[in-house]
Amino acid sequence: MKSYTIALLRGDGIGPEIVDSAVRVLEAVGEKFAIQFSFKPYLIGGAAIDACGEPLPKATVEGCLAADSVLLGAVGGPKWDNLPGHLRPEKALLGIRSAMGLFTNLRPAKLYPALKGECPLRADIVENGFDIMIVRELTGGIYFGERGYREGKYGEEAYDTEAYSRFEIERIARVAFETARKRSKRLTSIDKANVLETSRLWRKVVHEIAQEYPDIEVCDMLVDNAAMQLVRNPSQFDVIVTSNMFGDILSDEASQITGSIGMLPSASLNEGKRGLYEPIHGSAPDIAGQGKANPIATVLSAGMMLLYAFGETEASEAIVSAVDKVLEAGYRTADLAHGAPALSTTEMTDMIIKML
Ligand code: IPM
Ligand code: MN
């Protein structure tokens, strides 16, 4: 029997609830497809700060590096909001991405036919649906640049800097071109080349790499325009490649037009493709512990893990199709129920398992 070790980073807020849902789904799928999982929990974020005074303990990093793959819930919450930057829960997320070398973040955003009515866009705009794959650079740019405080023209000022090397742009561009090759062969590279030097290098390098992929149709788009086009005509996009911060912002925007941010999974990959899998949403402290969270984004993240980390195509498809069936049958958690009676996190999980 195949067997995989998965490090679990439950984190804060709704993190523990949704990770436990995904674990139950993985166990059910494992039974069906004869795959054994062993789960090893590690502390991260606020939970780690409370237990050992730091957001990313060494044991967590070592556990993640030793495991076959990593499943993460979410980190952060008001309790830790006033800590200095380097001690904040979010720092742990950046730390683990960096420690594992996860430079690629795949964030698929598609409109489920069953959720068409949840999309805030006019019906004629989403008539043909949309299915976008955002390839976000994850270990560079302004998230990891030099930052600090200094005396400026108007006294105290803070600064963050964005830097991208040719190497970093080349490797994420190649991932994006390869991804486009497996889909509709269309790639949009999003930048702010009319203002930023990093974007000008980004654009130049993407064009160079494009020479290696003559079968892919690539176009550039400025990020402000892209933000507009995403709500004006989302079906024009297939694969998007962009920097760390633009990808962060655009993927949240994309999630809203799918109906709920509670639906979007993500895969963070390094060269080895074992990676870390997490929903794109945050820890939602306002609904934590109430059983209201939508577990689908995390369950689908586990589905991405089966596919990308383990090559378990059938098991991965089983999860995706179970989620489809649950939505088609009209089951909804509170984020999608508009005040109508909704399923709890556990009930939604039970329903997905039933449909497997
Ligand atoms: C995300 C989150 C993180 C990010 C935060 C929590 C550091 O918003 O995964 O999108 O900005 O990358
Ligand atoms: Mn984000």
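Just so you know, ligand 1 is whichever comes first in the structure, and atom 1 is the first atom listed for that ligand.
- Within the structure, the closest approach of M245 to ligand 1 does not fall below 4.0 Å when heavy atoms are considered.
- Contact annotation: R136 has at least one heavy atom less than 4.0 Å from an atom of ligand 1.
- A side-chain hydrogen bond (donor to acceptor under 3.5 Å, both in side chains) with Y159 is found for exactly one of E146, R150, R147, namely E146.
- Residue, atom and distance of the protein heavy atom nearest to atom 11 (O) of ligand 1 are Y143 OH, 2.6 Å.
- In this structure, R88 has no heavy atom closer than 4.0 Å to ligand 1.
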*Taking it one step at a time, do E328 and Y112 satisfy side-chain hydrogen bond (donor to acceptor under 3.5 Å, both in side chains)?*
CA-CA 9 Å; E328 286 296 339; Y112 285 83; over 6 Å; no
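- If you check which protein heavy atom lies closest to atom 1 (C) of ligand 1, you get R107 NH2, 3.3 Å.
- Backbone and side-chain nitrogen or oxygen atoms of D248 are examined, and one is located within less than 3.5 angstrom of a nitrogen or oxygen of ligand 1.
- Residue contacts with ligand 1 for R97 involve side-chain atoms from C-beta outward but no N, CA, C or O (heavy atoms, distance under 4.0 Å).
- The name of the N, O or S atom in D248 nearest to the Mn ion (ligand 2) is OD1.
- For ligand 1, the polar-atom distance check against E278 finds no nitrogen or oxygen pair separated by under 3.5 Å.
- When only non-hydrogen protein atoms are considered, atom 5 (C) of ligand 1 lies nearest to L93 CD2, 4.2 Å.
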